[in-house]
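Let me begin by presenting the structure, written as C-alpha cells, before commenting on it.
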Amino acid sequence: MTTALGLDPQGLLEIGLDEEAWGELRSGSSAFVARHLGRVQLPMAELTAAVAALPLTPIRTGHLADWGDIASGRSTVLDYNRVVCRVPGLARPLLYDFNQTEDTALAGGDTLFLPGSVIDAGVRGRLPLRRWSPEGMVRHDGEGSLFVPYAETEWDGERLPLTELHRRRMRAHFPDASFHSDLLTREEDRVTEVLLTLLRAAGPDSRALAFVFDRIVHRDGTVERFKPALDESGYRLGPVTYPTAEALVAASLLPARAAVTAERFTVADAAPPLHAPLLSVDAVTLLYAVLGTHREPGQPPVCGDFDVHVQWGALAMGGYPPQRRGYFFSGAKKTKWMYEAVVRDLPWAAPLLFVIAPTAPFLLWPSSREPRDVELVEDLLTRVRTAISAWPERVDRTAPEIQRVVAEWLAAGGSELSAAFRRQIRWGDRLSPDGRPLPAGEPVEPAGFATLTMSQACQVVGALVEAVA
C-alpha cells in the first residue's frame with residue numbers, strides 16, 4: 001500500500017500502520033509488520049470498497065469441501081464466504097486441501113466444512129470413502145478421520161480421489177478458487193527454499209521447529225501430532241527420523257503431489273508415502289503471504305520494495321476485536337522470526353505488511369429465508385448506533401455499551417431470532433437446524449451495516465457471540 005495505491009503514509013494510519021513502520025518497511029529494516037483490520041474505524045462500505053479497489057486480490061482461506069450450499073446461500077454459518085468471495089476484487093477462495101474427513105459421530109476431523117460428505121440444501125449425505133491398506137484401497141467405516149488427499153470416493157458411478165470430486169464441484173461455483181496443494185507443487189522450488197530457511201533459523205530449538213512442522217500423516221490416512229526434535233541422527237518427528245533438512249522438506253511435499261494427481265491410488269502399485277510430515281498452520285500462512293497468493297502470477301510485490309498481503313480470516317483466525325483477536329494476530333510476535341529469516345536469507349522475498357481482515361462482521365447478514373431476522377438485526381444496529389453516538393470510536397466505552405445494548409435487545413425482540421441465525425452466531429455447524437432441506441436464500445445486508453465501522457461491527461459480533469452462546 002503505497003502512493004501507487006492511492007494511499008500515503010498518513011492514509012495508512014487508518015489501517016493501523018504508523019509512519020515509523022512505513023519507513024522501516026520501505027528501507028527494509030523491518031521485514032514484517034502485522035495489522036488487524038478489525039480495529040479500523042472506517043465504515044464497512046468504505047472499507048470494503050477500498051480493499052476491492054486495491055491492485056491485489058485478498059485471499060479467503062477456507063477448507064476443501066462441498067461449497068455448493070455456500071454458493072446458494074444455504075450453509076448458515078458458512079454463508080459469509082459467499083458474501084466475501086462474490087464481490088469482485090474483495091476476495092477469492094484459496095482452499096486448504098490437507099484437512100481431514102469428519103468421523104461418523106462428528107467428533108473428529110473437519111466437522112465444520114464436512115469434506116467427507118456432500119451437503120444438499122443443508123442436509124448431509126455421507127460419501128462412500130476408501131482408504132489405503134496393504135490389500136489396496138478398502139472401504140472406510142467412518143470410525144476416525146482420513147487425510148483428504150489420501151481418500152477415495154465414488155460419484156455418479158466414477159471412482160475418484162476425494163480431492164478431485166470437491167475440486168470439480170468447487171470450480172462450478174467459484175471458478176477463481178485455488179488450492180493449497182497446487183501452490184506447493186507449482187512453487188515447489190521456492191517452497192523448498194523457504195522451508196530450508198526456516199529449519200536453519202529454528203536450529204535445534206524444538207519449539208521453533210514446531211512452528212514449521214507439527215504433524216505426521218500416515219499411509220492409512222491417519223494424522224498424528226508430534227513435537228519435532230533435532231539431534232545427531234537428524235530431524236525426529238514421531239516414528240520417523242529424517243537425516244537432513246533436505247530429506248524432511250522433500251518428504252513434506254509428497255502429500256501435495258498426491259493431492260493434485262486425479263488418478264492416484266487407482267492402480268495396484270500406487271500407494272501414498274509410508275509417512276509424511278505436515279506443515280504447521282503458521283508455516284502455511286507464511287507461505288501464502290511470501291509466495292504472493294494475493295498477486296497475479298509473475299506480478300512483483302505490489303509496493304515494489306515491500307509487499308502487502310491481505311487475508312480474510314474466519315472467527316478462529318481473524319477473531320472479532322477487542323474480545324477476540326484471532327490466532328494469527330495473537331501469535332504474530334511469536335512467528336515474526338520466521339518472516340524475518342525468509343526476507344533476510346532469500347533475495348526474492350520482500351518485506352511484508354500482513355493485513356488480517358476478519359470476516360466476523362458478515363455474520364450479521366441474516367438469510368433472506370428469515371425476514372424477521374433481518375428486521376431484528378436492523379433494530380439492533382439502530383440501537384447500537386444511538387447508544388454509542390457520543391463517542392463512536394472510543395472502544396473502551398463502545399465495547400461495554402454494545403454489550404449492554406445487545407443484552408437488552410435479546411431480552412426484548414431479539415428473543416425471536418431464528419434457530420438458524422443463532423447457530424450462525426454461535427459458530428455452530430453448516431447443516432439445516434431441523435434436518436429438513438433449506439430453500440435457496442441470500443445473505444441480506446441489514447440496513448445500517450454499511451455505516452458501522454469495521455471495529456463497531458466486530459464489537460457487535462463479539463457481544464452477540466457471548467450473549468447467544
Exercise. Would you say Thr48 and Phe362 make side-chain contact, with heavy atoms under 4.5 Å?
Worked result: yes
Problem set entry | Gap between atom OG of Ser75 and atom CZ of Phe113 - 0.5 Å precision | 8.0 Å
Seminar exercise, completed: In terms of heavy-atom contacts, Leu25 and Ser30 come closest through CD2-O, 3.7 Å
Problem set entry | Donor-acceptor pair between Glu442 and Ser368 side chains, under 3.5 angstrom | no
For this session: Check for a donor-acceptor pair, side chain of Ser455 on one end and backbone N or O of Val40 on the other, with a separation under 3.5 Å.
Result: no
Exercise. Given the side-chain rings of Trp132 and Tyr150, with only the six-membered ring counted for Trp, is the space between their centroids under 6.0 Å?
Worked result: no
For this session: Without swapping roles, check the side chain of Thr244 against the backbone of Ala247 for a donor-acceptor pair under 3.5 Å.
Result: yes
Exercise. Thinking salt bridges, do Asp307 and Arg295 make one under a 4.0 Å N-O criterion?
Worked result: yes
Exercise. How close do Ser252 and Pro255 get, heavy atom to heavy atom, and via which atoms?
Worked result: O-CD, 3.4 Å
For this session: Would you sort out whether Arg167 and Asp182 count as a salt bridge (Lys or Arg N to Asp or Glu O under 4.0 Å), showing the intermediate values?
Result: CA-CA 11 Å; Arg167 282 168 175 249; Asp182 284 344; 3.0 Å; yes
Exercise. Would you say Leu196 and Glu246 make side-chain contact, with heavy atoms under 4.5 Å?
Worked result: yes
Exercise. Within the side chain of Thr222, is there an N or O that forms a donor-acceptor pair under 3.5 Å with the backbone of His218?
Worked result: no
For this session: Give, for atom OH of Tyr80 and atom SG of Cys85, the distance between the pair rounded to the nearest 0.5 Å.
Result: 9.0 Å
Problem set entry | Residue pair Trp155 / Val118, side-chain heavy-atom distance below 4.5 Å | yes
Problem set entry | Pair Leu364-Leu464, side chain to side chain contact (heavy atoms under 4.5 Å, CB included): steps then yes or no | CA-CA 10 Å; Leu364 296 174; Leu464 277 170; 3.6 Å; yes
Exercise. With a 4.5 Å heavy-atom cut-off, do Trp348 and Leu291 have their side chains touching?
Worked result: yes
Problem set entry | Backbone of Ala341 reached by a side-chain donor or acceptor of Arg200 within 3.5 Å | no
Exercise. Which atom pair, heavy atoms only, marks the closest approach of Asn99 to His63?
Worked result: ND2-CB, 3.7 Å
Exercise. Quick check: does any side chain N or O of His275 sit under 3.5 Å from a backbone N or O of Ile216, one acting as donor and the other as acceptor?
Worked result: no
Exercise. Stepwise, does the side-chain hydrogen bond (donor to acceptor under 3.5 Å, both in side chains) test hold for Thr61 with Gln311?
Worked result: CA-CA 7 Å; Thr61 44; Gln311 183 164 333; 3.2 Å; yes
For this session: Compare all side-chain heavy atoms of Ser178 with those of Leu183 and state whether any distance is below 4.5 angstrom.
Result: no
Problem set entry | Under 3.5 Å donor-acceptor, Arg423 side chain and Leu431 backbone | yes
Exercise. At what distance, to the nearest 0.5 angstrom, does SG of Cys458 lie from CZ of Arg324?
Worked result: 12.0 Å
Exercise. Are the side chain of Arg82 and the backbone of Ala71 linked by a donor-acceptor contact shorter than 3.5 Å?
Worked result: yes
Exercise. Between the side chains of Glu102 and Thr111, does any donor sit under 3.5 Å from an acceptor?
Worked result: no
Exercise. How far does CZ of Arg426 sit from OG1 of Thr76, to the nearest 0.5 angstrom?
Worked result: 10.5 Å
For this session: Begin from the C-alpha positions of Val465 and Trp427 and carry the test side chain to side chain contact (heavy atoms under 4.5 Å, CB included) through to its verdict.
Result: CA-CA 8 Å; Val465 170; Trp427 198 240; over 6 Å; no
For this session: Assess the side chains of Arg131 and Thr101: does a donor N or O sit below 3.5 Å from an acceptor N or O?
Result: no
For this session: Answer yes if the side chains of Glu193 and Thr197 hold a donor-acceptor pair under 3.5 Å, and no otherwise.
Result: no
Exercise. Any side-chain heavy atom of Leu160 sitting closer than 4.5 Å to one from Thr153?
Worked result: yes
For this session: Using the six-membered ring of Phe174, assess whether NZ or CZ of Arg86 lies under 6.0 Å from its centre and within 45 degrees of the ring axis.
Result: yes
Problem set entry | Spatial distance of atom CG (Asp120) from atom CG (Leu438) [nearest 0.5 Å] | 10.0 Å
Problem set entry | Short side-chain to backbone donor-acceptor contact, Ser280 and Phe211, under 3.5 Å | yes
For this session: Examine distances only and state if a side-chain atom of Arg219 and a backbone atom of Pro272 form a donor-acceptor pair shorter than 3.5 Å.
Result: yes
For this session: Taking the six-membered ring for Trp and the single ring otherwise, decide whether the centroids of Tyr235 and Phe213 are under 6.0 Å apart.
Result: no
Seminar exercise, completed: All heavy atoms of Gln424 vs all of Trp365, minimum pair found to be NE2-O, 3.3 Å
For this session: Over all heavy atoms of both residues, which pair between Ala65 and Pro115 is shortest? Give the atoms and the distance, please.
Result: CB-CA, 3.9 Å
For this session: Check whether any side-chain heavy atom of Ile425 lies under 4.5 Å from a side-chain heavy atom of Leu363, and answer yes or no.
Result: yes
Exercise. Distance from Ile388 atom CD1 to Leu452 atom CG, nearest 0.5 Å?
Worked result: 7.0 Å
Exercise. Which one of Ile59, Leu56, Leu287 satisfies the side chain to side chain contact (heavy atoms under 4.5 Å, CB included) criterion with Thr293?
Worked result: Ile59
For this session: Given side chain to side chain contact (heavy atoms under 4.5 Å, CB included), test Arg190 with Leu346 step by step and report yes or no.
Result: CA-CA 9 Å; Arg190 286 194 168 184; Leu346 299 179; over 6 Å; no
Exercise. Just by modelled atom types, is the Pro392 backbone N or O under 3.5 Å from a matching donor or acceptor in the Gln456 side chain?
Worked result: yes
For this session: Indicate yes or no: at least one non-hydrogen side-chain atom of Thr359 is less than 4.5 angstrom from one of Arg60.
Result: yes
Exercise. Are side-chain N/O atoms of Arg92 and Thr57 paired as donor and acceptor at under 3.5 Å?
Worked result: no
Problem set entry | Polar contact flag, side-chain donor to acceptor under 3.5 angstrom, His180-Tyr288 | yes
Exercise. Shortest non-hydrogen contact from Gly73 to Ser367?
Worked result: O-OG, 4.5 Å
Problem set entry | Intermediate values then yes/no, side chain to side chain contact (heavy atoms under 4.5 Å, CB included), Leu114 and Asp66 | CA-CA 8 Å; Leu114 305 174; Asp66 183 358; over 6 Å; no
